[in-house]
There are 2 protein chains.
Amino acid sequence: MPADDPASKRPRSQPTMADVAEKAGVSAMTVSRALKKGASISEEARRRILAAVDELGYVLDQTAGTLSSKRSGFVAALIPSINNSNFSDTARGLTEAIEASGLQLLLGYTDYVVEKEERLIASMLQRRPEGIVVTGGRHTERARRLLAAAAIPVIETWDLPAEPIDHVVGFSNAAAMRALVHHLHGRGYRRIGFIGGTSNRDTRGEDRRQGYVQAVEELGLPHGRTISFGQPPISMEQGAEAIVRLVSQWPDIDAAICVSDLSAFGALMECHRRGWAVPGRIAIAGFGDFEVGRCAFPRITTVAVDAEAIGRSAGDLLLRAIEAARRGAAVPPERQVMPFRLIQRESS
Amino acid sequence: MPADDPASKRPRSQPTMADVAEKAGVSAMTVSRALKKGASISEEARRRILAAVDELGYVLDQTAGTLSSKRSGFVAALIPSINNSNFSDTARGLTEAIEASGLQLLLGYTDYVVEKEERLIASMLQRRPEGIVVTGGRHTERARRLLAAAAIPVIETWDLPAEPIDHVVGFSNAAAMRALVHHLHGRGYRRIGFIGGTSNRDTRGEDRRQGYVQAVEELGLPHGRTISFGQPPISMEQGAEAIVRLVSQWPDIDAAICVSDLSAFGALMECHRRGWAVPGRIAIAGFGDFEVGRCAFPRITTVAVDAEAIGRSAGDLLLRAIEAARRGAAVPPERQVMPFRLIQRESS
DNA sequence: CTGTTAGCGCCTTCAC
DNA sequence: GTGAAGGCGCTAACAG
């Protein structure tokens with residue numbers, strides 16, 4: 001055990017508010033006030049306190065503050081993947097919406113697996129967030145129970161669940177995909193295939209597939225032209241492999257819709273490689289308006305959702321709900337439907 | 001006195017350990033033990049406690065636990081961007097390395113801005129992480145002071161700072177870029193340009209540019225052929241714009257190196273669009289081995305770094321250091337140099 | 001504007 | 001294997 005400063009009572013731990021208070025010649029409470037924004041403190045005391053803080057290298061312990069004030073000062077957001085510009089845009093929107101109020105965002109990622117989501121929710125709740133944003137409308141039973149019991153505002157995003165837990169800020173993935181099929185049909189495509197992942201791990205991907213199926217049925221197009229493989233979210237590489245399977249299985253196919261722009265891009269590059277003209281031989285469309293699709297040659301037709309706006313709206317709503325909760329009030333569950341937008345580009 | 005007054009049931013608030021204890025007919029201490037893994041509890045008591053937990057919907061308050069045990073159970077990691085597969089791979093490696101020990105990872109993103117990093121560090125430290133991982137070796141002076149004073153293990157990654165704060169797990173961006181220039185030179189390219197961002201906001205990008213400059217000078221190649229524009233990290237779209245500028249400014253150019261695969265991809269697509277053969281008219285190379293480069297047509301020559309391994313190594317080191325700290329010991333500063341690897345592909 | 005008192009909910013420590 | 005006492009560092013609620 002290392003020798004300690006004999007003057008200090010505690011062994012080598014971090015300085016506390018009491019240490020600062022002593023050094024500044026005030027009480028701990030005054031230090032506490034000096035370190036918040038809206039408190040009334042004499043300039044003289046504040047100056048001495050800040051000097052003491054600086055000298056001691058004091059860092060406020062929010063853990064203790066949370067315990068005593070019952071305000072953790074953070075909200076949790078769970079997204080499927082941190083490496084997906086859609087979700088990172090939503091996270092940015094969230095951050096922008098809440099940061100002015102002093103709340104912090106804690107991100108967790110679920111890898112598109114609801115069981116991981118459940119575990120993350122459980123461990124996030126142990127840190128007592130003041131609100132929580134989840135992606136999608138499907139969760140394990142226990143996750144739903146945990147969220148409902150937590151007595152904090154919950155927002156489900158990127159989906160329109162039939163039985164929401166609390167608030168919703170999203171859109172219908174099925175409806176958006178349906179619109180895309182109709183759009184391609186309007187441009188004359190009749191033998192339209194779909195490329196997606198195998199399992200329903202990615203629930204939004206599964207909803208999109210269902211939207212596709214519904215659309216080809218209502219348009220009387222040949223259906224069942226679906227290539228499903230790979231663990232969602234399917235990658236660019238898997239998109240490349242899938243387009244080859246799709247064309248070899250149904251050689252008369254004239255358009256391929258991919259569950260996201262990433263797989264659409266992989267498919268597109270594979271077409272280049274094989275000398276299949278896009279859209280001459282086959283049209284390609286994706287979903288999500290990723291940069292890679294905007295930039296690819298040819299540029300990829302897609303469905304755009306304003307991911308950052310989802311985040312901002314969710315953040316604004318969360319803020320209102322949290323402030324209401326702090327006053328002991330409550331905001332009744334809201335359901336905000338965000339628009340989506342077809343973007344016709346060179347690939348179709 | 002905390003004499004259990006059955007009449008004074010707090011209505012609004014979440015159940016506490018005392019509530020669980022009362023329902024299970026044990027003391028709070030026994031509940032606490034039942035909820036940890038390595039404690040010795042009778043099977044009977046544990047069963048009753050878990051039933052009570054379930055019935056009440058009790059969720060452990062880690063805030064209080066942290067305060068009393070002085071173990072927050074989490075480590076902070078700061079990355080420049082959440083939407084970058086390199087950094088998200090590092091984050092995944094970190095998570096994998098630490099999760100078995102029960103530690104959680106809290107991610108923050110700095111947008112490549114050291115001032116944001118400083119603010120994030122300050123707010124993370126208020127929550128008392130047991131360790132912290134930062135990206136890069138350049139920080140504000142105050143950030144360095146905060147980290148040094150926090151008395152927790154610090155790991156700088158993705159760089160080899162000359163004066164590390166504590167531990168380092170990284171590589172030299174300049175050396176890697178230098179190797180890429182030499183590689184292209186070895187394949188016969190002589191008029192090699194560089195595309196990067198304007199400011200030194202992205203310090204790794206700046207290091208790469210310096211590596212390029214150093215290499216062209218030592219090879220006696222024409223230099224100054226650098227296009228710098230856009231706020232780093234420069235995007236695919238900016239790569240497209242930059243390649244046009246590069247070619248119009250130095251029409252004899254035979255190779256373009258981009259600060260990352262993303263801008264290289266944008267440049268490549270623009271070449272397609274303009275009918276410039278790659279690598280016939282101009283070779284293109286990137287940095288980072290992103291999926292878009294592996295999948296593009298043609299596939300993009302690049303420098304690969306095992307980003308996930310950086311995360312795993314940093315995580316392993318952090319664990320050792322944290323466990324040492326819990327025993328009152330310390331791990332002397334380590335400096336782990338990770339390998340990089342040239343990947344020759346179709347674009348050069 | 002500033003100080004005092006009394007916890008927040010859990011875990012450490014020590015006794016049984 | 002279990003319980004009682006005490007305190008972690010801070011802030012709410014009241015004085016003054």
Side-chain angles (χ1 to χ4, degrees), chain A residues 8-49 53 56 58-73 102 125-128 130 326-328, chain B residues 1-5 8-10 12-22 24-49 53 56 58-73 102 125-128 130 326 328:
Chain A
S8 92
K9 317 194 165 182
R10 271 177 298 283
R12 53 196 290 102
S13 73
Q14 299 288 94
T16 72
M17 227 172 224
D19 298 325
V20 176
E22 186 182 348
K23 185 157 217 119
V26 293
S27 74
M29 203 49 232
T30 305
V31 176
S32 175
R33 290 183 179 117
L35 265 31
K36 324 204 77 169
K37 48 178 182 178
S40 40
I41 291 283
S42 72
E43 263 321 305
E44 168 56 14
R46 159 170 281 126
R47 202 193 46 67
R48 286 209 317 274
I49 288 167
V53 163
L56 293 171
Y58 171 72
V59 175
L60 185 69
D61 188 336
Q62 239 184 97
T63 293
T66 296
L67 185 60
S68 149
S69 71
K70 303 182 150 289
R71 290 188 188 184
S72 64
L125 289 180
Q126 297 194 156
R127 301 188 188 278
R128 299 290 190 262
E130 300 193 52
R326 286 175 173 175
R327 291 191 315 267
Chain B
M1 275 303 280
D4 284 337
D5 184 351
S8 77
K9 259 200 162 161
R10 296 178 206 86
R12 243 170 259 287
S13 120
Q14 299 287 94
T16 73
M17 228 173 225
D19 298 324
V20 176
E22 184 182 348
V26 294
S27 74
M29 209 39 242
T30 305
V31 176
S32 175
R33 289 183 181 116
L35 265 30
K36 324 202 79 168
K37 47 179 183 182
S40 42
I41 291 284
S42 72
E43 265 319 306
E44 168 57 14
R46 161 172 279 127
R47 202 194 46 69
R48 285 210 316 275
I49 288 167
V53 164
L56 294 171
Y58 172 71
V59 176
L60 185 71
D61 188 335
Q62 238 185 97
T63 292
T66 296
L67 185 60
S68 92
S69 71
K70 302 182 153 286
R71 289 188 188 185
S72 64
L125 290 180
Q126 298 195 153
R127 300 187 188 277
R128 297 293 190 260
E130 299 194 50
R326 286 176 173 177

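Letters A, B, ... are given to chains in the order of the sequence lines, protein chains preceding strands, and every chain is numbered from 1.
For B/Ser68, counting side-chain heavy atoms from C-beta on, the closest listed nucleotide (C/dC11, D/dA12, D/dG9) is C/dC11. Counting only heavy atoms from C-beta on, B/Ser42 has its side chain closest to D/dG1 among D/dG9, C/dC14, D/dG1. Comparing D/dA12, C/dG3, C/dC10 by their nearest atom to the side chain of A/Ser69 picks out D/dA12. Comparing D/dT11, D/dG9, C/dC10 by their nearest atom to the side chain of B/Met17 picks out C/dC10. Considering only side-chain atoms of B/Met29, the nucleotide from C/dT12, D/dG9, C/dT4 that sits closest is C/dT12. Closest to the A/Leu67 side chain, of the nucleotides D/dC10, C/dG9, C/dC10, is C/dG9.
Distance CG (A/Asp61) to P (C/dC8): 18 Å, rounded to an integer number of Å. Rounded to a whole Å, the CG atom of B/Leu60 is 17 Å from the P atom of C/dC8. What separates CZ of B/Arg326 from C1' of C/dT12 is a distance of 15 Å, to the nearest Å. At whole-Å resolution of the value, CZ in B/Arg33 and P in D/dG3 are 8 Å apart. Taking atom CD on A/Glu44 and atom C1' on C/dC1, their separation rounds to 13 Å, with Å as the unit. Rounded to whole Å, atom P of D/dC8 lies 20 Å from atom CD of B/Gln126. Rounded to an integer number of Å, the gap from B/Ile49 CD1 to D/dT2 C1' is 10 Å. Between the NZ atom of B/Lys70 and the P atom of D/dG6 there is a distance of 20 Å, given to the nearest Å.
Residues B/Tyr58 and B/Gln14 are not in side-chain contact: their nearest non-hydrogen atoms beyond the backbone lie 4.5 Å or more apart.
When the side-chain nitrogen and oxygen atoms of A/Thr16 are compared with OP1 and OP2 of D/dG9, none of them lie within a distance under 4.0 Å. Applying the 4.0 Å criterion to OP1 and OP2 of C/dC10, one finds that B/Ser32 has every side-chain N and O outside that range. Contact between the side-chain N/O atoms of B/Lys36 and the OP1/OP2 oxygens of C/dC10 is not found at any separation under 4.0 Å.
Across all strands, A/Ile41 comes closer than 4.0 Å only to sugar-phosphate atoms, never to a base (heavy-atom distances). Nucleic acid contact for A/Ala45: sugar-phosphate only, since backbone atoms but no base atoms lie under 4.0 Å from a heavy atom of the residue.
Heavy-atom neighbours of A/Glu22 CD from other residues, nucleotides or ligands within 6.0 Å: at or below the threshold of 12.
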- Task: Dump the intermediate steps for side chain to side chain contact (heavy atoms under 4.5 Å, CB included) on A/Val53 and A/Ile49, then the final yes or no.
- Result: CA-CA 6 Å; A/Val53 163; A/Ile49 288 167; 4.3 Å; yes
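From B/Arg33, atom CZ reaches atom CE of B/Met29 across 4.0 Å, with rounding to the nearest 0.5 Å.
Both B/Ser40 and A/Gln62 sit near DNA chain D, but only B/Ser40 has its closest nucleotide nearer the 5' end.
Looking only at atom types and distance, the side chain of A/Thr30 has a donor-acceptor partner in the side chain of A/Ser27 under 3.5 Å away.
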